[in-house]
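In what follows, chains are A, B, ... by sequence order, proteins preceding strands, each numbered from 1.
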Number of protein chains: 2
Amino acid sequence: MRLVVARCAVDYTGRLTAHLPLAPRLLIVKADGSVLVHSDGGSYKPLNWMSPPCTLRTITRSDADADADTDADTDADADTAGSVEDHGAAPDEESVAAASVEDPEAPEDDPWIEQWDVTHAKTGDRLRVRIHEVISDLSADLGVDPGLQKDGVEAHLQALLAENIETLGEGWSLVRREYATAIGPVDILAKDPEGGTVAIEIKRRGEIDGVEQLTRYLELLNRDPLLSPVRGIFAAQLIKPQAKVLAGDRGIDCVTLDYDALRGIDDAESRLF
Amino acid sequence: MRLVVARCAVDYTGRLTAHLPLAPRLLIVKADGSVLVHSDGGSYKPLNWMSPPCTLRTITRSDADADADTDADTDADADTAGSVEDHGAAPDEESVAAASVEDPEAPEDDPWIEQWDVTHAKTGDRLRVRIHEVISDLSADLGVDPGLQKDGVEAHLQALLAENIETLGEGWSLVRREYATAIGPVDILAKDPEGGTVAIEIKRRGEIDGVEQLTRYLELLNRDPLLSPVRGIFAAQLIKPQAKVLAGDRGIDCVTLDYDALRGIDDAESRLF
DNA sequence: CGGTATATGTCGCTC
DNA sequence: GAGCGACGTATACCG
């Protein structure tokens, strides 16, 4: 990992076109070749970035119009270096993007001293960083990270409700979790006390698209004469008003789940064994 | 902005619980108090983070069991410092999370030397970083970033198509952009050559949820006897096959937009004036 | 402040 | 690789 604090200007061309005016920023070059441009604020998202796999080519000002100093900073295919020539003869759209500004940020007395060209071979995305002043430059080898261990997301809610299906009322039973359909798995398929089949869609936060999802499942399930009629329940820790309205309009019941209570039940049950 | 490369272990408690085992990582503390934990790979997303507004409290090992060295690293309300005491006497769930691991990563010969407690006052999210070894530590003042200038997002597509509605064919006219309905704004409302009303949903990439969105709008618009019948057009730079099928099934036409061509038309037009 | 739609979304899974 | 759903989604816009 290389950390460069520098006054720089950045241009990105890919799914969109974006430009960052000259200012001090943090540049991160990771071991996999990815590049992040961070400001001193905002959120965890960089102002600009390039995802791996990508290649970084560095040009210093003195070399600018001569042969470029090729710096293979990744372990990607070395033979793709030939694409550097293609890059020089790339289609006109890129030169338009670069020329349209007429380089207003490089007056005689403040030229860029180093340029990074980061390219994503697959998507064609390109990131260009022009460094005018290096404030600090540091490298460190961190090795491979052991990774993040997570706990407590929707899957957990689903497991808890499946294990405690009687939370919905006396006489309810579980048919199965992740009931497969052609358009995706239904979170829970259950039977109500009258023996009717019920499809349950679970969300942490119940919003309109969750109702749409359940609607699609119900439409499909109700085409199966062996299952039909199937009604739906939309279960979430919090259900937005609009989602409630849409669900009601489509005859779907809403249930608010209490994660802590479910976990409590579960803990109490497991303590019995 | 402070950049610390350190061997550390991280725990997060908030909407979920997450743990990072002891390993070398980059820690970024931004001017607004936000903290990012990056590995040397992956993507632009940190392994763990805390969004602003949040407060950072630093404890060094020698102080660990005595009074904590309070380091107000943000410009947030100073009087919330009183919550530090609440933190010490916080509800049991947090101590459970911390104690459940029994501190397996701190053997006698490798103790943590510094601990960061980052808390988000509003949401109650907490991030704890235990530093076992500082590899490097650097601070820099970057100032406020002038910000990113974007071009080519959906808003531009919408504006371009609205201004060049005749792209859809001879005799088309614009009714209005962002036509408001109870469930959200329709991107473009237009009239076809026969005078029929058409709702147009625009996406950069046309996928199934965009068709769902347009379907909701059409359902609502067609309840209005003054507007009905309203048909739909799904317009995007690229339309996925599944979205095309679903749109066709619902009588919605698909149009593929050429952003560069639209921009070209627009440039040509503006050059006339 | 809540509701909705967008994102260079990214990530991870299944097929 | 495409399709699809979840995400500590974050973020902007609008009432």
Asker: When you compare C/dT6 with D/dC7, how far apart are their C1' atoms, in angstrom units rounded to a whole number?
Answerer: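 C/dT6 and D/dC7 have their C1' atoms separated by 15 Å.
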Asker: Any base atoms under 4.0 Å from B/Ile183, or only sugar-phosphate, or nothing? Heavy atoms, all strands.
Answerer: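 B/Ile183: backbone/sugar contact only, no base atoms under 4.0 Å.
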Asker: Checking B/Asp151 now: which residues fulfil side chain to side chain contact (heavy atoms under 4.5 Å, CB included) with it, not counting sequence neighbours?
Answerer: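 With sequence neighbours excluded, B/Asp151 shows a side chain to side chain contact (heavy atoms under 4.5 Å, CB included) to A/Thr17, B/His156, B/Tyr259, B/Arg263, given in chain and number order.
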Asker: I'd like to know if the side chain of A/Glu212 pairs up with that of B/Gln213 as donor and acceptor (distance under 3.5 Å, no hydrogens or angles considered).
Answerer: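 Looking only at side-chain atoms, B/Gln213 and A/Glu212 do not form any donor-acceptor pair under 3.5 Å.
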Asker: Please state whether the phosphate of C/dA5, meaning OP1 or OP2, lies under 4.0 angstrom from any side-chain nitrogen or oxygen of B/Tyr217.
Answerer: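 Yes.
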Asker: In whole Å, what separates the P atom of D/dC4 from that of D/dG8?
Answerer: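 Rounded to whole Å, the distance is 22 Å.
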Asker: What integer distance in Å separates B/Asp32:CG from D/dT11:P?
Answerer: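 Atom CG in B/Asp32 sits about 10 Å away from atom P in D/dT11.
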Asker: Inspect the contact between A/Arg223 and A/Glu219 and indicate whether a charged nitrogen and a carboxylate oxygen are less than 4.0 angstrom apart.
Answerer: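 Yes, A/Glu219 and A/Arg223 are salt-bridged.
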Asker: Nearest whole Å is fine: how far is D/dC7 C1' from B/Tyr44 OH?
Answerer: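 So the OH-C1' distance, B/Tyr44 to D/dC7, works out to 11 Å.
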Asker: When you check the side-chain N and O atoms of A/Gln115 and A/Arg128, is any donor under 3.5 Å from an acceptor?
Answerer: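 Result is no, nothing qualifies.
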Asker: Decide, yes or no, whether a salt bridge links A/Asp187 with A/Arg177 under the criterion of side-chain N to carboxylate O below 4.0 Å.
Answerer: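 Here A/Asp187 does not pair with A/Arg177 in a salt bridge, since their nearest N and O are not under 4.0 Å apart.
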Asker: Base, sugar-phosphate, or nothing for B/Lys122, non-hydrogen atoms under 4.0 angstrom?
Answerer: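 It contacts sugar-phosphate atoms only.
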Asker: Between A/Arg176 and A/Glu178, does any side-chain N to carboxylate O distance fall below 4.0 Å?
Answerer: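 Looking at A/Arg176 and A/Glu178, the cut-off is not met.
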Asker: With a cut-off of less than 4.0 Å, is there a side-chain N or O of B/Arg216 near OP1 or OP2 of C/dA5?
Answerer: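 For C/dA5, OP1/OP2 do have a side-chain N/O of B/Arg216 under 4.0 Å.
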Asker: Take atom C1' in C/dC11 and the same atom in C/dA7, then report the distance between them in whole Å.
Answerer: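 Rounded to whole Å, the distance is 14 Å.
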Asker: Would you mind reading off the distance between A/Leu246 atom CG and C/dA5 atom P, rounded to a whole angstrom?
Answerer: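 Roughly 11 Å, once rounded to whole Å.
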Asker: Name the residue closer to the 5' end of DNA chain D, choosing between B/Ile208 and A/Ser43 according to the nucleotide with the nearest heavy atom.
Answerer: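 Comparing both residues, the 5'-ward one is B/Ile208.
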Asker: Please list, pair by pair, any protein nitrogen or oxygen found under 3.5 Å from a nitrogen or oxygen in nucleotides 6-8 of chain C.
Answerer:
residue	atom	partner	partner atom	Å
C/dT6	OP1	B/Glu154	OE1	2.7
C/dT6	OP1	B/Glu154	OE2	3.0
C/dT6	OP1	B/Lys203	NZ	3.3
C/dT6	OP2	B/Lys203	NZ	2.5
C/dT6	OP2	B/Gln213	OE1	3.3
C/dT6	O5'	B/Glu154	OE1	3.3
C/dA7	OP1	B/Glu154	N	2.9
C/dT8	OP1	A/Lys45	NZ	3.4
C/dT8	OP1	B/Lys150	NZ	3.2
C/dT8	OP2	B/Lys150	NZ	2.7
C/dT8	O3'	A/Arg15	NH1	3.1
C/dT8	O2	A/Tyr12	OH	3.2
C/dT8	O4	A/Asn48	OD1	2.4
C/dT8	O4	A/Trp49	N	3.0

Asker: Taking atom C1' of D/dG8 as reference, at what distance in whole Å does atom NE2 of B/His19 sit?
Answerer: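 It is 17 Å, rounded to the nearest whole Å.
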Asker: Let me have the donor-acceptor pairs involving side chains of residues 36-49 of chain A, under 3.5 Å, with sequence neighbours excluded, atom names and distances please.
Answerer:
residue	atom	partner	partner atom	Å
A/His38	ND1	B/Lys30	NZ	3.0
A/Ser39	OG	A/Gly41	O	3.2
A/Asp40	OD1	B/Ala31	N	2.6
A/Asp40	OD2	B/Met1	N	2.9
A/Ser43	OG	A/Lys45	N	3.2

